[in-house]
Structure formats: C-alpha cells, structure tokens
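Below: one structure, written as structure tokens.
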Amino acid sequence: MTLEERRKLLVGLLGDADSGVRAAAAGSLEQLESYQDLAQIVAALTAEKRATRVKAIFAMERINSAEVFPHLIELLKDVDADIRAAAVQVLGVKAHPKSLTSLVRHLKDPAPAVRVHTAEALGHFQDPRLVPYLAAMLGDADEQLVISAARSLGRLGTAEAAAPLAKLLHDARAPVRQAAAQALGEVPL
C-alpha cells in the first residue's frame, strides 16, 4: 500500500464517530507526514549552514523509520563537532541497538561536548554491557563528562552500576557527588 493510499484511508477516519479513532488517525497522519519530510531532511543534512544541518538532524528524531540510522551514523564521522554532537543526541533518544557500537566509539571523541553527549546518550540503551565503558569515564577530569556518565549509569537499570557510582560519593566535586547520589538511587537492587 502506498503512502498516499494510507493517507487517504486515515483522512477518512478523521470524521469517525469515536474520538479515540479520530485521535489515532490524526496521530498516524502526522507520522506519515514525517516520512514525506524525510527526503527534504536528508537533503538539508548537506546544507552549507551549520544551523540548517543541526535542525535537520534533530528533525530526524521524530521520524520513526530505520532509514534515518545510516544518515545519523554517517554524521558521526563529520569534521564538525557540533554535527557529531547533534547526531549522538538523536541516536541516544532513538536508542536503536544497531547504533550502540558507533556511539560507544565517541566516548573517546576529541571534542569534549561530543564525549559528554555520548555518555548521556548511552543511558537510553539500558544495556548492562555499557557499565565498564561508562565507569571508565568516571575518573575523567571533565566534570560534565563524569556527571553525564554517572546519570547514564543510573538509567541503565542494572545493579552492576552501583559499585562504580558508590566510589563517586567521595569525589571532591559537589556536583559529581550529587549526580552519583541521585544515580545510585535509580540503580535496582
């Protein structure tokens, strides 16, 4: 069934007697429109202006299609750290398992902001295999990186995150201790 055929069927449901059906049809129409926008968004990824590119990257967040992942993963190789950081953030929100390996590599990105966003993004995956990678970030001098790694450890949903977080409770930096305390409360027993 083509996109246009689906759209026509859903438009017909906007006049349904049941409000739940109308709401479902409206939501589905919105999703279908995002598929139509994908080609325009992909074209904007190569724009000259950084702001246009970043805007296009964040627009991919609302598109529920596997077609966005190759583009986002390719953007992780961009020379512009802001582009890499935006791609990392969207990949984190989408939390697709096939993007995990590409994201983990960016814990060692040369740009501090990319490393911070990567540590934050990994917390969306809830994968216990990430504990050693995030725990390795806890000894970094970059306070924001340590805080992001601690938050993500808390969100992973695995008891293995408790030990590395407990070590942070005695860190000299109050914001780090605070993040560790909050994260430790999220870790399951």
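- Once rounded to the nearest 0.5 Å, the distance linking NZ of K8 with CG of L29 reads 13.0 Å.
- The cluster map of Ile, Leu, Val, Met, Phe, Trp and Tyr, joined by side-chain heavy atoms under 4.5 Å apart, puts V93 and L122 in different clusters.
- Taking each heavy atom of H106 and T118 in turn, the nearest pair found is CB-OG1, 3.4 Å.
- Taking a 6.0 Å sphere around CZ of R129, one finds it holds 12 or fewer heavy atoms contributed by other residues, nucleotides or ligands.
- Remark: side-chain polar atoms of Q89 are paired, donor with acceptor, to backbone N or O of A85 under 3.5 angstrom.
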How far apart are the C-alpha atoms of L45 and M60, what are their side-chain angles, what is the distance that settles it, and do they pass the side-chain contact (heavy atoms from CB on, under 4.5 Å) test?
-> CA-CA 10 Å; L45 293 175; M60 291 186 135; 3.7 Å; yes

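- Atom OG of residue S152 and atom CD1 of residue I147 lie 12.0 Å apart, to the nearest 0.5 angstrom.
- Residues D82 and R50 form a side-chain contact, since some pair of their non-hydrogen atoms from C-beta on lies under 4.5 Å apart.
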Test L153 against L156 for side-chain contact (heavy atoms from CB on, under 4.5 Å), laying out the working first.
-> CA-CA 5 Å; L153 280 166; L156 288 181; 4.0 Å; yes

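- Look at R155 and E186 and you find no salt bridge, because none of the NZ, NE, NH1 or NH2 atoms lies under 4.0 Å from a carboxylate O.
- Distance CG/L72 to OG/S99: 8.5 Å, rounded to 0.5 Å.
- The shortest heavy-atom contact between V114 and A81 is CG2-O, 3.4 Å.
- More than 12 heavy atoms of other residues, nucleotides or ligands lie within 6.0 Å of CD in E143, so this atom counts as buried by the packing criterion.
- Taking 4.5 Å as the limit, every side-chain heavy atom of H96 sits out of range of all side-chain heavy atoms of V68.
- Here CG of D78 is found 7.5 Å from CD1 of I57. Values are rounded to the nearest 0.5 Å.
- Atoms CG and CZ, on L168 and R173 in that order, are 8.0 Å from each other to the nearest 0.5 Å.
- Comment: R115 does not engage D140 in a salt bridge, judged by the lack of any side-chain N to carboxylate O separation of less than 4.0 angstrom.
- Summarising the geometry of S28 relative to L10, their closest heavy-atom pair is CB-CD1, 3.6 Å, with the distance given to 0.1 Å.
- Closest of all the heavy-atom pairs between V146 and M137 is CG2-O, 3.6 Å.
- Heavy atoms from other residues, nucleotides or ligands lying under 6.0 Å from OH of Y133 number 12 at most.
- Checking side-chain atoms of R84 against main-chain N and O of K77 turns up no donor-acceptor pair under 3.5 Å.
- L91 CG to L100 CG: the interatomic distance, rounded to the nearest 0.5 Å, is 10.5 Å.
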Give the intermediate values and the outcome of side-chain contact (heavy atoms from CB on, under 4.5 Å) for residues V90 and L75.
-> CA-CA 11 Å; V90 173; L75 289 168; over 6 Å; no

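- Counting all heavy atoms, side chain and backbone alike, A56 lies closest to I41 at O-CG2, 3.2 Å.
- Counting heavy atoms from C-beta outward, V42 and E67 have side chains that stay 4.5 Å or more apart.
- Pairing each heavy atom of A119 with each of L145, the nearest pair is CB-CD1, 3.8 Å.
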